[in-house]
Q: 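One structure is given below, represented as structure tokens, and several questions about it will come after.
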4 protein chains.
Amino acid sequence: VLGQNQYGKAETRVVRVRRDDSVGVHHITDVNVSVALSGDLAATHLTGDNTGVLPTDTMKNTCYVYAKQVGLEPIEAYALALAEHFVTTNPTTDHARVRVEQYAWDRLAPHSFARAGGEVRTTEVTFDGGHPQTVSGLRDLVVMNTTDSEFRGFRKDQYTTLPEADDRILATAVHARWRYGTGGPGHDWSARYAEVRGHLLDAFAGTYSRSLQQTLYAMGERVLTKVPTIDEIRLSLPNRHHFLVDLARFDIENENEVFIAADRPYGLIEATLVRDGAEQLLPVE
Amino acid sequence: VLGQNQYGKAETRVVRVRRDDSVGVHHITDVNVSVALSGDLAATHLTGDNTGVLPTDTMKNTCYVYAKQVGLEPIEAYALALAEHFVTTNPTTDHARVRVEQYAWDRLAPHSFARAGGEVRTTEVTFDGGHPQTVSGLRDLVVMNTTDSEFRGFRKDQYTTLPEADDRILATAVHARWRYGTGGPGHDWSARYAEVRGHLLDAFAGTYSRSLQQTLYAMGERVLTKVPTIDEIRLSLPNRHHFLVDLARFDIENENEVFIAADRPYGLIEATLVRDGAEQLLPVE
Amino acid sequence: VLGQNQYGKAETRVVRVRRDDSVGVHHITDVNVSVALSGDLAATHLTGDNTGVLPTDTMKNTCYVYAKQVGLEPIEAYALALAEHFVTTNPTTDHARVRVEQYAWDRLAPHSFARAGGEVRTTEVTFDGGHPQTVSGLRDLVVMNTTDSEFRGFRKDQYTTLPEADDRILATAVHARWRYGTGGPGHDWSARYAEVRGHLLDAFAGTYSRSLQQTLYAMGERVLTKVPTIDEIRLSLPNRHHFLVDLARFDIENENEVFIAADRPYGLIEATLVRDGAEQLLPVE
Amino acid sequence: VLGQNQYGKAETRVVRVRRDDSVGVHHITDVNVSVALSGDLAATHLTGDNTGVLPTDTMKNTCYVYAKQVGLEPIEAYALALAEHFVTTNPTTDHARVRVEQYAWDRLAPHSFARAGGEVRTTEVTFDGGHPQTVSGLRDLVVMNTTDSEFRGFRKDQYTTLPEADDRILATAVHARWRYGTGGPGHDWSARYAEVRGHLLDAFAGTYSRSLQQTLYAMGERVLTKVPTIDEIRLSLPNRHHFLVDLARFDIENENEVFIAADRPYGLIEATLVRDGAEQLLPVE
């Protein structure tokens, strides 16, 4: 039996330049867009009858056209327009999911830019003809506290060798996704994004941490408390371990100064926080 | 409100050598294991009380101990032993998910090996005290048919420019996950793995393809038909486009001989096939 | 016959925290250091006699010790101290090469930081007992001009199909390495780094470009003109092609607004500029 | 002053299908080709005069045309044909360097294939109108010996903490490049490739190793001894450390059975071996 299925074009890389030629100033938006459509596609799976199959190449063309006609900013509006287009114009598409990643650039000059690095802004819009769902987020926001973090009082079993830590480095790469309630964010998606990003950073920096879980919760709670249009947030925080180097072997004191930045393995702490009364809809990976 | 949450140690890389010293022959198993536990962890999130938190460092140690005491092969048995250990010995753990990836090596000599490349074998065992669920799979099995693939008769809209193709290259990197029924595979996980891999390749090579969806369905159907202990399979097939180079511009004929292997964007075809009467439990990504 | 050989420890990841505890402000430096030593090592190659081999594990330990005792900043001074240490204390080491990459972090709070993304600062110090050579640089500085770039009047042969471009996007990821003269930079390596980075960006943004070669030359020339302590600079500039989307097929005008950001293949433009009278010492890759 | 400079098209991905339609059997060759040209290119650097600049887009087209007209196999012949083409037909090109990587595929069926994984075959042909130089090689050939490797008797200084090892895992990812003498390999490049690969594996597996340097030397020496048409070989061997897990903490014996496969840092051992009387021409990275 054919179960859930979807198909689409992934990772179409589009750059849009807006040219304000009266003053000679340009603006750029740089995105990576992935479309997935589902609906009644049994025919192509079972017999190879493609009557209802919109080629993924067409989806790519549509991403380009909408970059021109709707624009790429904010990415939530672009994704929403694409999702609605596919569901409303394509008879065999009941459901569209559009994911967009945006890469930030800093201005160097009126028409010159340097890529900002740092985190990637994301959105995922799903639409099935009713109310669209918008889940925005960010990933690869790498942050570190050099103190005000401890890890003590944990459970020990026969395989536990970790010493308790009074003062450790806490570092992570924030991956956050937040779901807007059906009221939407009042259409000012980019302002909301900046606000959430600020709350995540403030809570990370401002929380005295007894565990990365506690820091995660403080980050999520801050967002839900401060931004009423968000109903749910999921945070995935890899613990980027920084191990204190044992320099005592060389008669050298190392008072939390020199650390090994480790690659693998890493702790991974994940949780969803849901506004009281709201449903948990974000998937677990 | 704290919703779903889990924590664990990700990407612990373990190699196990079995030394059959009577004949001087060694065997190796090379894996990457990731553990995620969940249960009543509200205390650490809300107050930083870590009484119920088993450090992820302990999970790492446990992965090493079990590599010695249970062994790494088959990876399904190793993952199951770990999952049961965490749930049965750790009072705050109700649920464990253990993912293992295995990298293949070819033998060069009695104690010398070369890494095989090719696909990675995977498993994910989840256990909550009842019957464990085992989802095995593979990823990065890159395959190509140089003919017997067409794509015609598809839907056209105003943004469609793709010409119909009578004879094209069909290439993909197979990502498959299959769920074993509660009867299990009779404990011969590695034989089942080899069998499924063979069926996937046979169906890919043997299907005249009118769409990648049709090929996907043929691959999944073959597995469900041939391996009764599997209840469900999900396939995710990126379409690795090979575009025919236009050499006519140079008065050179190119009869499906020279192709551009493109990187991005790519089509992405995904579907789950479920045995009649079974539930669809595999998540959609 | 054994020719050139070297050995060392690569990619030791060290983080140094400086704690100004009187005011509660911390500073961090985050580096990746790779050491390669050479000298008379024939014995270990030919017979496995390791008498003269300093283990690479010892080199790693030394990197940690020097992070504490010398500090990591500026990376040129750290690399120099390590290189001198290995050559002067290890009888079989005639020559040391130390490469350091530094990852930038922005301050969030007195002891909280966010990784900056953007370019990586680099240095390579080589020392053989005489005057050390210092080659500093940066990589992954991604920049884009949205206009003031053309590419015309180029050579055509029978395989040329590229149309001339009056107005195109010019984007690249700057990889630059510059060699300081034996006078050194007056020991203010970080000021020089900031200065060079600024000149590279100014020249990129300020040059009306008829070819990426011309832009490259302008960037290198600016650095040699403005920074007298640099004798030589090598630039490697991948041309990150942005292709204008053909929207005319859909009766839509695209006046340099919507572009495809392509991955592969890419143009690659590389050149060394040498101060008049100086030698070209930087290797070609 | 403008020093060494070059430009070209990097990473053009081409697949060639040869169709033996009489028996319905296909053959594929899958490569990644990078071209770099140099010559008198001062004009474009200094003034943006592109008269002598062959667009890198044309180089890409040429790679496609030659894939059809010369074929991709063996990659040495393809690279040589391209290098000669650019130097002999392009007045401003004095020197061409063509690098090709080849990805192996296994046959599944007459026109179906699975990518082999494992090592990548490489070549670099340089041509300046005289005798071309051919440097072939391989990379990412990952090998492991589970015994017959020790590391003892090494130099100790104040920072040495590494214990001596009587019996350790020796694992590496072989990166080898060998230069053919001007006599060439008798035009049977693929046979020579298979031969060298076999000698490298035999020497790796068959050498009792007192250091990775000794193993490296044995590998290079075997190639130079057995393949008279090769004048020089450079090997770069990252030491993929496998650390024995300390299970004694848990009262469990670990007799070289369970190892941690570490990522970073890693040792890196590099050397060139030159046939007596030949020049060392391979660059040091």
Q: Please flag which part of C/F113 lies under 4.5 Å from any non-hydrogen atom of chain A: side chain, backbone, both or neither.
A: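 For C/F113, the contact with chain A is made by backbone and side chain together.
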Q: Less than 4.5 Å to any heavy atom of chain A: does that hold for the side chain of C/L108, its backbone, both, or neither?
A: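 Contact with chain A: side chain only.
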Q: Specify which of C/F250, C/W105, C/F204 makes the most heavy-atom pairs with chain A at under 4.5 Å.
A: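 Option with the top pair count is C/W105.
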Q: Quick one: side chain to side chain donor-acceptor pair (under 3.5 Å) partners of A/R177, sequence neighbours excluded?
A: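 Applying side chain to side chain donor-acceptor pair (under 3.5 Å) to A/R177 gives none.
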Q: Measure distances from A/V15 to the heavy atoms of chain C and classify the residue's part below 4.5 Å as side chain, backbone, both or neither.
A: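 Answer is both: backbone and side chain atoms of A/V15 are under 4.5 Å from chain C.
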Q: To the nearest 0.5 Å, how far apart are CG in C/L201 and CG in A/D106?
A: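 Those atoms lie 10.5 Å apart.
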Q: Just how far is it from atom CZ of A/R115 to atom CE of C/M144, taken to the nearest 0.5 Å?
A: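 Nearest 0.5 Å value for the CZ-CE distance: 9.0 Å.
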Q: Hey, what do you get for CD1 (C/I28) to CZ (A/F259), rounding to the nearest 0.5 Å?
A: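 The CD1 atom of C/I28 sits 11.0 Å away from the CZ atom of A/F259.
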Q: Heavy-atom pairs under 4.5 Å with chain C: which of A/A261, A/A171, A/A173, A/A205 has the most?
A: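 Of the candidates given, the most pairs with chain C belong to A/A261.
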Q: Which one, C/T146, C/D148, C/V65, C/V143, leads in non-hydrogen pairs under 4.5 Å with chain A?
A: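 Looking at each of C/T146, C/D148, C/V65, C/V143 in turn, C/T146 comes out on top.
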Q: Check each atom of A/A67 against the heavy atoms of chain C and say whether the ones under 4.5 Å are side chain, backbone, both or neither.
A: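 Interface part for A/A67: both.
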Q: Which distance, rounded to the nearest 0.5 Å, do you find between the OG1 of A/T147 and the NE2 of C/H111?
A: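 Here the rounded value is 6.0 Å.
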Q: Applying a criterion of heavy atom separation less than 4.5 Å, what residues of residues 72-80 of chain A form contacts with chain C?
A: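 Counting heavy atoms that sit under 4.5 Å from chain C, no residue of residues 72-80 of chain A is involved.
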Q: With rounding to the nearest 0.5 Å, note down the distance linking OG in C/S112 to CG in A/D202.
A: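 C/S112 OG to A/D202 CG: 10.0 Å, rounded to 0.5 Å.
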Q: Go through the atoms of C/R18 and report whether side chain, backbone, both or neither lie under 4.5 Å from a heavy atom of chain A.
A: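 Looking at C/R18, nothing touches chain A.
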Q: Against chain A, work out which of C/L170, C/T12, C/N61, C/D30 has the most heavy-atom pairs shorter than 4.5 Å and name it.
A: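 Of C/L170, C/T12, C/N61, C/D30, C/N61 has the most heavy-atom pairs under 4.5 Å with chain A.
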Q: Distance from A/H26 atom NE2 to C/E257 atom CD, nearest 0.5 Å?
A: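 Going from NE2 on A/H26 over to CD on C/E257, the span is 10.0 Å.
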Q: Taking side chain as everything from C-beta outward and backbone as N, CA, C, O, which of these in A/L247 sits under 4.5 Å from a heavy atom of chain C? Side chain, backbone, both or neither.
A: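 It is the side chain, since no backbone atom gets that close.
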Q: Is it the side chain or the backbone of C/Q69 that comes within 4.5 Å of chain A heavy atoms, both, or neither?
A: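 Just the side chain, heavy atoms under 4.5 Å.
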Q: Quick check against the 3.5 Å criterion: does A/R19 have a side-chain atom that pairs as donor or acceptor with the backbone of C/N256?
A: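 Flag set: sc A/R19 to bb C/N256 pair under 3.5 Å.
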Q: Would you say CD of C/E164 has more than 12 non-hydrogen atoms from neighbouring residues, nucleotides or ligands within 6.0 angstrom?
A: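 Check passes, neighbour count above 12.
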Q: Which bit of C/V258 is near chain A, if near means a heavy-atom gap under 4.5 Å: side chain, backbone, both or neither?
A: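 For C/V258, heavy atoms of backbone and side chain both lie under 4.5 Å from chain A.
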